[in-house]
Structures are given as structure tokens and as C-alpha cells.
Number of protein chains: 4
Amino acid sequence: MPTGRLEAFSDGVLAIIITVMVLELNVPEQPTLTALRDDTGVGLLTYVLSFVYIGIYWNNHHHMFQIAQYVDGSVLWANLHLLFWLSLYPFTTAWMDETDLARTPLVVYGLNLLAAAVAYYVLQRSIFRSPGGDRLRQALGRDLKGKISPAIYIAGILLAFVHPLLAVACYVAVAVIWLVPDRRVERFVAAAADGEAPAR
Amino acid sequence: MPTGRLEAFSDGVLAIIITVMVLELNVPEQPTLTALRDDTGVGLLTYVLSFVYIGIYWNNHHHMFQIAQYVDGSVLWANLHLLFWLSLYPFTTAWMDETDLARTPLVVYGLNLLAAAVAYYVLQRSIFRSPGGDRLRQALGRDLKGKISPAIYIAGILLAFVHPLLAVACYVAVAVIWLVPDRRVERFVAAAADGEAPAR
Amino acid sequence: MPTGRLEAFSDGVLAIIITVMVLELNVPEQPTLTALRDDTGVGLLTYVLSFVYIGIYWNNHHHMFQIAQYVDGSVLWANLHLLFWLSLYPFTTAWMDETDLARTPLVVYGLNLLAAAVAYYVLQRSIFRSPGGDRLRQALGRDLKGKISPAIYIAGILLAFVHPLLAVACYVAVAVIWLVPDRRVERFVAAAADGEAPAR
Amino acid sequence: MPTGRLEAFSDGVLAIIITVMVLELNVPEQPTLTALRDDTGVGLLTYVLSFVYIGIYWNNHHHMFQIAQYVDGSVLWANLHLLFWLSLYPFTTAWMDETDLARTPLVVYGLNLLAAAVAYYVLQRSIFRSPGGDRLRQALGRDLKGKISPAIYIAGILLAFVHPLLAVACYVAVAVIWLVPDRRVERFVAAAADGEAPAR
């Protein structure tokens, strides 16, 4: 099966997720910057964060399906499974925002990020097993970013019990790791991983 | 007429349906797990159910139009007819959710599921009649899942008058039948149908 | 310029318009059929009507751009102009629905339908003038449906001042004319036009 | 990397932005033209303005990626950066509308317009640097519209402190400059730029 329609459907879902989040932003009732900060400030920050995350997933999805050019039934479902967790981002983002970054919503947001990362990993595995999947395996190489991200999500979830902003810092860190152009980060992460290798 | 644009439009509509349902989820006002369970619990379950249903339809639609490569005017309208019933899922799901699975909304949701199944059947028929439709007829074979689903929907609608959860069980059962990988289920359903054949 | 991306963008906009209207439906607070009829009844009817209209436009748009395979800048803007009027359907439909088919909203809805029909006509004209436009002109022939629809819209707008349901009847009539398979209607309309020709 | 999926994703996002803005329109509670003017009047005007802006961006985006047929990673992110600022249009438009064109929301809307224009410029630059980017550079020529627009946005932002309607006038002016068919405007702007050159 060619990947064309899977990509088109995923593009549609990701485009909608990334855009409907803006509907969850509270429009301030007063025409002042104070009202904007108080009513929408946190919402704008969480919007930027979730926008960047969906952008990263779209970017990686795009690369992955440029290499994997044929899919079977299990890939279709693994892809829908990923889209399911991503489709909850507007909901968990809104909860985190409306409670002003309270602990429980931050933990739930982190679990959502983690579930999406796991679903992405499962999708990769199911492509590895489909015809031509070896090419993707080679292209990904050690995939350090993919391996380190879930660890940072878990750290964020745990640190939410210490202080909410530590969780936010972890979630932002993952986004930054993926945003920074590939080669430099991979070298940095590779170096860090080498340095920490004995500690594992 | 080639099917490209019909597929693109259907992908768009299905992508939106599957995603806007998340906008109907109530964001809890309190930042606690109790609030999440009380305010959003039922909503999340019905969201998963409807997400899976739309995913199944997208999957089957995708397969169907890979085989049927040309369409005529009646197929265009049969397809819009299917999309109409699917577009009501966010509405019937929200009603079912906000009334905490009360009987009437469960019956209406079941009727919506049934109407979509009938519309899908009508769409298949109209493709059978279009040029190249025989290929789809052969590929579908006995189509046991397609035939058994409406029966289970009707059972669910009737059982809603006994107990709401029996209706939910039926609706979940149909989703599971379609989710389980094809071959095993087909064998199971085929075996069940053979065993029950005299009872028909 | 090839038409691919114009079609993809139009498909996206039409898919969203046809689907977001369901978000405007009031979910009844009570789990009873009475509540469904009172809170959502009119909304469901106007939803069906607008769904059918957008479906008709998608259908015709699809046919038109299968014939016209190249577009220039003026066609891009004529297309956006059409999409603008169609994008107001959810708004005018919601107003008509929430005021239970009051006269002014019915007139405004009729004007919206009329504006979209005019925009469609302008789009056709701009395709006629683009290279290869003659093929579309030939394919459309006398285009009786396209010519009779605005007249019925205007009749509906005027009849709204007599009785709201007469306006609704006119708007439904146009949808029916387009829904009925082409050949029979065209013959009927052609016959009617011939019969009425002296009266014009 | 071919541009197909970047275009499809951008089309999806732009189609959603242009359409969800209609969900922000207040549906009047009374069925009268007075209610329409009072409750929705300003909203309709700002809707038209933002619709035209998104239409212009889609149009230019469409042209740009017809010339630039290959993209690299930096173009993907520059494109997402542009989509981010455009995705805020429904929010800033709603604030401007609901405060009846108060000064601060008008300034924020102007900053949003300016940020999108800068993001578009950055996207162009990153395409210039990608293989085949020279063709786009030649096609754009002096790109006077692109250079004059940010200046008018800044003028509008500053004039909002004098009178709100002066800001609106500037924002409308930019839309008109882009709407008017290319050649005439380019000549006009070119002539104006030549005439004003010494004054710079």
C-alpha cells in the first residue's frame, strides 16, 4: 500500500490539532495589556509549547514517511494510535492553562507527552517490520533524541511533585532538543551519552 | 472520474470529525484527578469509542478506494451521505456523554452508528455498479464483519431499554471486531457463522 | 498554473465548513426525545440543508476543475471569493436556527445563498476566460440549473415577508433540483423553460 | 525533499484558520438587523479583513512553492514559524472585535500582522538559500509590496495611538495593495518609490 493517503490524513489531523488549540485561548474581556497577561498569558505560553510539539511530530512524521514508502494494516493503526494521543494535546493543554500550571494537570500533560512518544516509537517499530523498513532503521541510526525524550518526560512528571516549574522546564527542554538543528544536537547528545555511558 | 479528490475531501472531513470531538470534552475546573474523573471521565471514554469508529471508517474507506479507482456521480453522493452520518458523531457523542450514558441518548447514538453502517453499505453497492466495481466485490468476499455489525448495533439499541451498559457493551464489541487484525477475526466470525448457520 | 493546490485548499475549506456546523448544534441538556426536538430540532433541519448545499458546491467545484486544468491569478481570487461566502454558511445557519426561522435571519440566509451563487457564476466566467476555458463552456451547455437557482433564491427572500416557511420551501427546492440526478432534472427544467419561454 | 507535503500541511492549516474565525462571530440573539449590526457588525468587518489576509498569504505561498520545488529542514521550520503567527489571527481578530476596535487590541493585531510579514520574509530567505532558490529570487524581483507592507503595518501600530480608525485604515491599505492585480500596483508602487526615493 502506498503511503499517500496516510500522509494526507495525518497532515489533516495534525493541521487541525495545531490550529484548534487557538480556539481554547481565552479572549481577554478588557482591552488592556494587563488583561492580556492575566487572562491569556499562561495560555499563550502553553499554546506555543504545544504548537512546537505538534510541529516537531509533523516534521518527524514527514521525514519518516519519505523513507518508508509502503505501509501495511498494522502501520495504519499504529499511526492512528499516535494521532489519538496527539489529538488530546488541546485538551491537556487547556487544563494545564486554565489551572495556571497546577501540579496534577502538569503531570497529566506530561503523561500525554509520554504516551505520544511511546506511540511514535511503536509506529517506528511497525514500519521497521514492513517491507523496506530497513531503510528507515539505517536512516535513524542510534536515534538518541528519540531515546532521551521519554526519560526527560518522566523526569518532568516526577519533578512536578517538587515544583511545577521544574516540570515545565523539562517539557520545554525536550522541545528545544528537537528544535535545534540536527547535527549539532546529535553530537552534543552523543557526547553526553558517551560521557555517561559507564554510569548506565 | 478518478477518485483522488473524493479521497482528499473525505480525508479532510474525517480528520476534522475525529479532531473536533476533543473540543466537546469538558475541561475540569479543579486541578485534581477527582475533577478529571467526574467532569471528563465519561467524555474521555466516549471520545475513545468515537475516535476508534472514525478510525475504522477511514481505514475501510482507504482500502475501498484503493480498489475502486473510478467513480461516477452516484458514488460522490453516496460518499457525502456517509460523511453526513459520520459528521453527527461529535453531536451524538456529546449528548451521550453529557447525560452520563442515559437511555435515550444511547439509543440515538446507536441509531447514528446504524445509519452510518447502512450508508457505508449503500456506498459499497454504488461502487459495485460503477466501472471496475467487480474487483471490489471480489476483494470483499463474504464481508462477514460488514453484515454482522448492523445486527449488533440493533441489539445494542434494544438492550439500552434493559440496561444502558449493555448498549455500551454492544457498541464496544463492534469496534473490537473491526480493530482485531483481519484474518483471525474473519476466521472466528466465519466459524461462529458456520456453527450458527442452522439456527438462522 | 496547475489546479492541484487550489483544489486541495478548497477541499480543506469546504470540509471544515461542512463539519464545524455540527459544533453549532445545541446539545440538549435533558436525555429525552422532547428535549432533542425542542433544543436541536430546527438546528438539525438547517444543518441538513446547509450540509446538502456545501455538498452540492463541492460536487460542482469538483466537476468544474476536472475540466478546467489550468488557472491564473484571477481564478484564484474568484475561488477565494466563493469560499468567503460559503464560509459564512455556519454563521447564517446558526442565526436562522437560534431564532427558530424568524424572518430577518431567513432573508439574510437567502442573501448568503444568493451571494454564493453569484460568486460561483463569477468563478465560472473567470475560468471561461482562462486558457482551456472553452472546454468548460461547452461542457456546461445551457446550464439551466445555474440560471434558475438565483431566481428561486430571490423568490425565497421575497416570500419570507409573506411567511417564513415559504422561504424555507424555496431554499429546499433549489437543493432538491441539484440533488436529483442530472439528466432527468435537466430535461424537466428544460421542458419547463420551454413551456414558460413565451411568459418570460 | 519535494514540497508536496509541506504544501498540503500548510493548505490544511490555512484552510482551518480561515474557516474557524467564523466560529468566533457572535450569533445575534435577536432576529433583527439592528441586532446583527450591534452584535456582529464589527466582527464581520474584522472577519473580512483577516479572511483577505489569509487568502493573500495562501496565494503568495502557493506561488512561492510553485517556483521553489525542493526544500530542506530549515525551510520546514521557517514555514511552521509563519503558520504559528498566522494561527494567532483568529485570536487577535476576536480580541479586536470584542473590544470594538480599542487601541491596545489594534496594536496587538498590528504586531501580529507584522510578525507574520517578518516570518514570511524569513521563509523567503531560507528558500533563497536552498537549492534552486535563485529562481525564486529572480521571480520576485524587487518585491516592492513585500518591502512596503511592514512599513505600513508599523505606521498603523503608531497611528493607533492617535486614532483607532487610522490603524484600521493602514491595515486595510496593505490588504488592498495585495488584492489589486499585480502589474498595475507594482508599477504604481515602483513609481511612488522612485518619486520618494530622494526623501528616504
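Below, read A as the first sequence line, B as the second, and so on, with proteins coming before strands; counting in each chain starts at 1.
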With no hydrogens and no angle check, do the side chains of [X] and [Y] hold a donor and an acceptor under 3.5 Å apart?
X       : Y       : answer
H81(C)  : W85(C)  : yes
W58(B)  : D11(B)  : yes
W178(B) : S149(B) : yes

(request) Under 4.5 Å, heavy atom to heavy atom: which of residues 152-170 of chain B reach chain C? Give them by number, or say none. (result)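 Counting heavy atoms that sit under 4.5 Å from chain C, no residue of residues 152-170 of chain B is involved.
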(message) Quick check: under 4.5 Å, non-hydrogen atoms only, which of residues 43-52 of chain B neighbour chain C?
(response)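 Heavy-atom contacts from residues 43-52 of chain B to chain C are absent.
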(request) Please say whether more than 12 non-hydrogen atoms of neighbouring residues, nucleotides or ligands are located less than 6.0 Å from OH in Y121(C). (result)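 For Y121(C), atom OH is not crowded (no more than 12 foreign heavy atoms under 6.0 Å).
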(message) Are F9(B) and H62(C) packed together at the side-chain level, in the sense that at least one heavy-atom pair is separated by less than 4.5 angstrom?
(response)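 Of all side-chain heavy-atom pairs linking H62(C) with F9(B), none is under 4.5 Å.
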(message) When you compare the side chain of T93(B) with that of E24(B), does any pair of heavy atoms fall below 4.5 Å?
(response) no
May I ask you to decide if [Y]'s main-chain N or O and [X]'s side chain share a donor-acceptor pair within less than 3.5 Å?
X       : Y       : value
Y120(B) : N60(B)  : yes
T19(C)  : I17(B)  : no
Y53(C)  : V174(C) : no

(request) Count the heavy-atom pairs under 4.5 Å between each of L23(C), L33(C), N26(C) and chain B, then report the option with the highest count. (result)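 Heavy-atom pair counts peak at L23(C).
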(request) Could you tell me which of S10(C), P28(C), G55(C), A8(C) has the largest number of non-hydrogen atom pairs under 4.5 Å with chain B? (result) P28(C)
(message) Rounded to the nearest 0.5 Å, what separates atom CG in L88(C) from atom CG in N112(C)?
(response)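 It comes to 5.5 Å.
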